[in-house]
Amino acid sequence: MPAPDPYALLLALLTVVAATLVLAVSGVTAAGTRKATSHAAQHRPIRPAELTLHDAMRKLWEDHITWTRNVIISVDAGLPDLNTVVARLLQNQTDIGNAIKPYYGDAAGNQLTALLRQHILGAADVLVALKAGDQSALQAALTAWYANAHDIAVFLSTANPKNWPLAEMDQMMKDHLDATTREAVARNQGDWSADVAAYDAVHLQILSMADMLSSGIIAQFPKKFRP
């Protein structure tokens with residue numbers, strides 16, 4: 001009997017997990033949940049402090065996907081640098097938590113770091129199960145990973161409900177996990193063209209995600225960005 005295709009099995013598991021966790025957006029759009037800004041506001045010059053936050057947030061989340069990719073490669077290939085790259089990736093979660101402390105306080109920043117550390121450790125469980133071909137462990141890891149993504153979405157939406165509606169945050173996190181999963185599967189299957197394409201997609205998605213977060217902070221705390 002031929003061995004099951006791990007890619008097909010993983011896609012099936014993702015479908016089940018996504019459905020059971022109800023992470024998809026249902027009929028809620030940014031246009032329907034936010035008031036339109038004025039033409040003048042849309043075209044006003046970007047303040048230096050806003051640009052600084054925008055660029056810093058992009059750097060943090062680009063680090064996130066860069067070191068995640070290093071971990072994916074190291075787990076798949078059994079490289080001796082795994083502990084080192086995991087430590088660097090976990091440091092990134094602390095850096096992201098610290099980045100929101102000026103706006104939401106130390107406790108909130110530490111809570112985000114804890115949720116993001118769980119996100120990384122959950123991703124590691126997915127990678128290990130994928131490499132081993134252990135479908136039971138893989139399903140359990142995916143379920144926990146997507147549940148944590150929802151917890152992150154809830155945290156963000158609670159902190160800034162007007163600019164980060166829960167449906168949008170859920171979709172943002174689901175897109176991030178879906179894209180990262182495609183990257184991991186392509187690497188696991190040795191499909192190098194798909195691997196490169198998947199990472200390019202991960203990169204575009206994370207830039208959009210970083211911009212959603214920085215824009216939301218700027219909208220919530222406009223006085224912090226005025227000269």
Donor-acceptor contact present, side-chain [X] to main-chain [Y], <3.5 Å:
{"X": "Asn92", "Y": "Leu60", "result": "yes"}
{"X": "Lys131", "Y": "Val75", "result": "yes"}
{"X": "Thr113", "Y": "Gly109", "result": "yes"}
{"X": "Asp81", "Y": "Thr84", "result": "no"}

Distance from [X] atom [atom1] to [Y] atom [atom2], nearest 0.5 Å?
{"X": "Met212", "Y": "Gln171", "atom1": "CE", "atom2": "CD", "result": "9.5 Å"}
{"X": "Asp95", "Y": "Leu116", "atom1": "CG", "atom2": "CG", "result": "11.0 Å"}
{"X": "Thr180", "Y": "Ile65", "atom1": "OG1", "atom2": "CD1", "result": "8.0 Å"}
{"X": "Met209", "Y": "Asp175", "atom1": "CE", "atom2": "CG", "result": "10.0 Å"}
{"X": "Asn148", "Y": "Arg117", "atom1": "CG", "atom2": "CZ", "result": "12.5 Å"}
{"X": "Met169", "Y": "Phe155", "atom1": "CE", "atom2": "CZ", "result": "12.5 Å"}

Less than 4.0 angstrom from a charged side-chain N to a carboxylate O is my criterion; do [X] and [Y] meet it?
{"X": "Asp195", "Y": "Arg187", "result": "yes"}
{"X": "Glu62", "Y": "Lys59", "result": "no"}
{"X": "Arg58", "Y": "Asp211", "result": "yes"}
{"X": "Asp178", "Y": "Arg182", "result": "no"}

Can you get from [X] to [Y] by hopping between Ile, Leu, Val, Met, Phe, Trp and Tyr side chains that sit under 4.5 Å apart?
{"X": "Leu156", "Y": "Leu177", "answer": "yes"}
{"X": "Ile73", "Y": "Leu130", "answer": "no"}
{"X": "Ile72", "Y": "Tyr199", "answer": "no"}
{"X": "Ile100", "Y": "Trp61", "answer": "yes"}
{"X": "Ile120", "Y": "Leu82", "answer": "yes"}

> What about Tyr104 and Phe221, are their ring centers closer than 6.0 Å?
Replying inline: yes
> Can Tyr146 and Asp151 be said to form a side chain to side chain contact (heavy atoms under 4.5 Å, CB included), step by step?
Replying inline: CA-CA 9 Å; Tyr146 276 79; Asp151 290 342; over 6 Å; no
> What do the steps show when you test His176 against Gln205 for side chain to side chain contact (heavy atoms under 4.5 Å, CB included), and what is the final call?
Replying inline: CA-CA 7 Å; His176 175 54; Gln205 192 276 333; 3.6 Å; yes
What are the two closest heavy atoms between [X] and [Y], and how far apart are they?
{"X": "Val85", "Y": "Ser74", "value": "CG2-OG, 4.0 Å"}
{"X": "Leu89", "Y": "His64", "value": "CD1-O, 3.6 Å"}
{"X": "Lys101", "Y": "Asp106", "value": "CD-OD1, 3.5 Å"}
{"X": "Asp170", "Y": "Ala153", "value": "OD1-CB, 3.4 Å"}
{"X": "Ala198", "Y": "Glu183", "value": "CB-CA, 3.5 Å"}
{"X": "Leu53", "Y": "Ser214", "value": "CD2-O, 3.9 Å"}

>> Any donor-acceptor pair under 3.5 Å linking the side-chain atoms of Gln220 with those of Asn160?
In response: yes
> If we ignore angles and hydrogens, is there a donor and acceptor under 3.5 Å between the side chains of Gln93 and His119?
Replying inline: no
>> Show, in sequence, the C-alpha distance, side-chain angles and deciding distance for Leu127 and Asp76, and conclude whether the side chain to side chain contact (heavy atoms under 4.5 Å, CB included) test is met.
In response: CA-CA 8 Å; Leu127 292 173; Asp76 186 70; over 6 Å; no
>> Using the side chain to side chain contact (heavy atoms under 4.5 Å, CB included) definition, which of the options Ile96, Ile217, Thr52 pairs with Met57?
In response: Ile217
> Could you go step by step and tell me if Val126 and Leu138 meet the side chain to side chain contact (heavy atoms under 4.5 Å, CB included) rule?
Replying inline: CA-CA 6 Å; Val126 171; Leu138 181 58; 4.0 Å; yes
> Taking C-beta and beyond as the side chain, do Leu121 and Asp125 meet within less than 4.5 Å on heavy atoms?
Replying inline: no
